[in-house]
Amino acid sequence: MSSQSFAATEFVVRTIAQTSCDNEKRFGDLDAVVGDGDFGYSLARGFEVILADWDSYDRSDIGTFLQKIAIAITNRIGGTSGPIWGTAFLRAGGKLKGHDEISGAEVITALRAAAEGIQARGGAALGDKTLLDALVPATDVLETKLTEGVSAAEALEASAIAAEAAAEATTSMQAMRGRAAYTGERSIGSVDPGAVAVAVIFRRLSDEWTSR
Amino acid sequence: MSSQSFAATEFVVRTIAQTSCDNEKRFGDLDAVVGDGDFGYSLARGFEVILADWDSYDRSDIGTFLQKIAIAITNRIGGTSGPIWGTAFLRAGGKLKGHDEISGAEVITALRAAAEGIQARGGAALGDKTLLDALVPATDVLETKLTEGVSAAEALEASAIAAEAAAEATTSMQAMRGRAAYTGERSIGSVDPGAVAVAVIFRRLSDEWTSR
Amino acid sequence: MTKMFVNDPKQFVPEFLKGIALANPDTLTYDPRFNLIARADAPRNDKVSIIQGSGSGHEPAHVLVVGKGLLDAACPGDVFSAPPLEYVQEAIKRVASDKGILLIVNNYTGDRLVFDMAQEFAEADGMNIKTIMVNDDVSVQDSTYTVGRRGVAGNFFVIKAVGAAAEEGADLDELVRIGEKVNSVARTIGVGLTAPTPPARGEPLFDLPADEIEVGIGIHGEPGRRRAKIAAANDIVGELLEAVVADLPFSSGDRVAVQVNGLGGTPISELYLVYGIVHERLAELGITVARSYVGNYTTSLDAAGASITLVKVDDEIERLLAAPAEAGVRIF
Amino acid sequence: MTKMFVNDPKQFVPEFLKGIALANPDTLTYDPRFNLIARADAPRNDKVSIIQGSGSGHEPAHVLVVGKGLLDAACPGDVFSAPPLEYVQEAIKRVASDKGILLIVNNYTGDRLVFDMAQEFAEADGMNIKTIMVNDDVSVQDSTYTVGRRGVAGNFFVIKAVGAAAEEGADLDELVRIGEKVNSVARTIGVGLTAPTPPARGEPLFDLPADEIEVGIGIHGEPGRRRAKIAAANDIVGELLEAVVADLPFSSGDRVAVQVNGLGGTPISELYLVYGIVHERLAELGITVARSYVGNYTTSLDAAGASITLVKVDDEIERLLAAPAEAGVRIF
Ligand SMILES: Nc1ncnc2c1ncn2[C@@H]1O[C@H](COP(=O)(O)OP(=O)(O)O)[C@@H](O)[C@H]1O
Ligand SMILES: Nc1ncnc2c1ncn2[C@@H]1O[C@H](COP(=O)(O)OP(=O)(O)O)[C@@H](O)[C@H]1O
Ligand SMILES: [Mg+2]
Ligand SMILES: [Mg+2]
Ligand SMILES: [Mg+2]
Ligand SMILES: [Mg+2]
């Protein structure tokens, strides 16, 4: 339970939680443009519980840990983000059940499972202007880099850059899913809050990876 | 019915009505300071009817004419001002029943009757910060001047100046009657809207008297 | 242009009264010449008829509380203005009952003057007519003023109690006794978070800075006790409740009816939050809530804010408050 | 600091829910762990239990329409957020009836996802559970979108009709039939004059210039069809009504229930003014008002604005709408 990989997993989860809490206002403002403004609030209310109860989650193995986190956030995050983020953690955890160590390839498998879970739950396709439009490109780059054999830090930095570019690119998309879809063409011209959140998280993971 | 006095009476009534309509916003703003902001609206809604139906009021004699005006405004002006201004016209008219001509002394008698009517109806004393605090000093000066034998124009100008000074002087009074009284000491520091209305009317009467 | 639903601002009152009449075709009649909303079945000679005047801008008070067990007629003036004499005289004529007429008047100079005049005229006509003055607002310490206290949200309880008693056949003197009793045990104070905007004015009645509130505000936006900085709901409600409780005073063992009344622009969620605070503080003081009312009863146009009314109840008042009633303001 | 009645903004929802519970001690129960307001007499095994989720900030929808002939439970999320899964699961557990559970869900992604998950889990537990989706908002032309129309004020009519039928003992399939029928003939459009201010945000959700309105606004302040300049009530209401009437379409000879719903910050006087316009225009079109509702039903916090809902009624719907009901939102 104190393997390298476990520490890295804890770092990732904690960074996701911390980033969500720190950016409550920013994410809320983005959601107010063509949504209902609660995205920042919802994420923060869910992830602050993760930080508060940090030591209490079952750490039998990495998969179990992620699934306990999944249940906790599904129970706390309201709105679309509860089922979406909860499903992502649940499916990623499912791929890592029993693991105490994880390889780069397994990280990619877990991320793919998360994205597929989001897709299955919410019915969104790539290009529908959701967080998938940042998560999938970031995963693609991470996979390419890890396959090339670069360091984790380098791979993570490349995927953060990809996530940021991808989040920015949602500006020109028309929302086809979620509340923003009700605004039709008026959704074009602003970034998707979920995609930005993914990019901000990848950025912070990369920035803090080496000093973790 | 087309005597000098009758024409002068019509001029006075018409000027009161016109002034009330023209100053709707100003009187309303004054009433909003420690009142409820409707004074301008109330006067204007009453007196616009007078202007609209101008030719229809019974002109058998000056007193009857004033009393018909009294009934019309009492029926139209809401709030405190309906009974107060209605009573003033009613009592003034009562003193001029059957008259086709009126002397300066009779004008004073009529104005005294109006002020007494207001006092009887609303229970206010001088110094209570109401329109009486402009009406009574203006009447006093008018009486003095007419007794001195100056021209009507000169007497009217003196009374307009007195009304203006008296209205200004209500600033330092604490309201003891009407809605402003609820604010206690907070009513000190602003003019009484009713007193200002009286001063503005006297001013306009004086300004337009010679060219009427 | 003002941000509200209005056509010609001068026609604001008649136009919304028309809407009320159209929405209640079976139970209400409307005479647009006198802003007169009356029960379709009034007058009934076996029942005293009850009239409330007052200005507009306080809806549902009073045009929407015309109905069974409440008012027989209301003839509001323009926004925030007592009705002209003619309106009141017509209302009296319209619902004149052999059993008598009761006027319920909130204590403002304009209302007093016009209802006094109307009562005098009606008495001269041989009518059996009496008046109850409502003056429940503790914001204004009446010792310093000659005009007495203002009538505010407490008028709901007076109307509800005498309305129920009138429906049971009580005579005019009995109604006056009941109404005066309810008024004597009703105490209210309000707080304004924003100023109301009269349609014909098109701008807020006064400037209330973004971080200030008016403690003790009147229902026409009249200033109250003091300007204060906006504070936590617990603190604002604490100050209001203290003023109300100390005034009667209400004390341990009392049973009360409580109203948390919205001024028009405050959502009902906030009003329930306020109610929760009031309920718990009263419990701490040993005061029991016999009946609660949360919502918009006596408003001040679109002002954000609320008032808190406590009425000390005995068996008679509690029974009359609980009696059935029907009015234009309804949910289902 | 925001100008509203609030303590800790994060506790806004639990604190007003507590107020609702304290004000209705005999009829409602409250579990603060899950924002859960339920009928004190639920579950009854001779009656299907009805649950509505949805976010907070729409009061009286939905926590204040828990009661006889309406909902059995409501478990709102935070302001404008669908409830987390746990809340819905607890609500289902709390009112589980042998006769079944009906979920009424307004069509938003968040609500759909969480209620779908909850229904799956409940079915896995062997429960008899079904869902009605409400999607009455004509503002969004659904042909261009994959998410369908939003559910807005029309949910009141679905709740009222199935609530009445459930009280009469109708089974789950019958309730689904009735609810879907009502939803299929309900059409709504709203207009926002000002933006709502979520307590935790402390500022309006979006900038609406002083002379602009949002035509077709959603109940969470979502943008609608277009920004327009503020205009006379006749013009605004004309545009809204045209959109609603053309959509079903409603036509001459139809009988309708009409709701003029306030978004929270608009006084009831203005809503009646709007109702008057709607009533007269419908009459011109040969459409008869069978029943009218004017007031705050499905709000958007403190936003000024209104929505207009038309429901084409037949004898069955009219009877169910007229059936008696009791809820936390009440007047007397
Ligand atoms: N159907 C969907 N599938 C995946 N992600 C979605 C979907 N709908 C919305 N999202 C994401 O969720 C974000 C908004 O989350 P949130 O504010 O919690 O939703 P809401 O308030 O609309 O319920 C969007 O920015 C988008 O990235
Ligand atoms: N009791 C009174 N007697 C005489 N004049 C009064 C009295 N009360 C108020 N007024 C006058 O009426 C003016 C306000 O009139 P108005 O706005 O119509 O009254 P309200 O709106 O308070 O009913 C005050 O400025 C004052 O001059
Ligand atoms: Mg959102
Ligand atoms: Mg005034
Ligand atoms: Mg007034
Ligand atoms: Mg949301």
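Proteins come first, then strands; the chains are lettered A, B, ... in the order of their sequence lines, and each starts at number 1. What you see is a predicted model, and the numbers here were worked out from it, not measured in a lab.
The residue among D:Gly77, D:Pro84, D:Pro83, D:Ala82 with the most heavy atom pairs within less than 4.5 Å of chain A is D:Pro84. Among D:Phe34, D:Phe206, D:Phe80, D:Tyr87, the residue making the largest number of heavy-atom pairs under 4.5 Å with chain A is D:Phe80.
Looking at D:Val88, there are no atoms closer than 4.5 Å to chain A (heavy atoms on both sides), in backbone or side chain. When heavy atoms are compared at a cutoff of 4.5 Å, A:Ser42 approaches chain D solely by way of its side chain, counted from C-beta outward. Only the backbone of D:Arg225 has a heavy atom closer than 4.5 Å to any heavy atom of chain A.
Two residues are said to be in side-chain contact when any heavy atoms from C-beta on lie closer than 4.5 Å; D:Thr109 and A:Arg177 fail this criterion.
Side-chain atoms of D:Arg201 do not come within 3.5 Å of backbone N or O of A:Asp38 as any donor-acceptor pair.
Within a 6.0 Å radius of CD in D:Glu242, no more than 12 heavy atoms belonging to other residues, nucleotides or ligands are found. Other residues, nucleotides and ligands contribute more than 12 heavy atoms inside 6.0 Å of the CG atom of A:Asp58.
Interatomic distance, CD of D:Glu222 versus CG of A:Asp36, reported as 6.0 Å (0.5 Å rounding). Distance check, rounded to the nearest 0.5 Å: CD1 of A:Ile77 to OG of D:Ser81 gives 10.0 Å. With rounding to the nearest 0.5 Å, the separation of CG in D:Asp78 from CZ in A:Arg76 is 9.5 Å.
Nearest heavy-atom pair across D:Pro9 and A:Tyr41 is O-OH, 4.5 Å. When every heavy atom of A:Val34 is checked against every heavy atom of D:Pro223, the shortest pair comes out as O-CD, 4.0 Å. Minimum heavy-atom separation, A:Tyr182 to D:Tyr108: OH-CA, 3.6 Å. When every heavy atom of A:Arg121 is checked against every heavy atom of D:Leu113, the shortest pair comes out as O-CD2, 3.1 Å. Heavy atoms only, all atoms of each residue included: D:Val147 and A:Met176 are closest at CG1-O, 3.7 Å. Annotation for D:Met117 and A:Thr87: closest pair CE-OG1, 4.4 Å, computed over non-hydrogen atoms.
Proximity to chain D among residues 18-31 of chain A is limited to A:Lys25, A:Gly28, A:Asp29, judged by heavy-atom separations below 4.5 angstrom.
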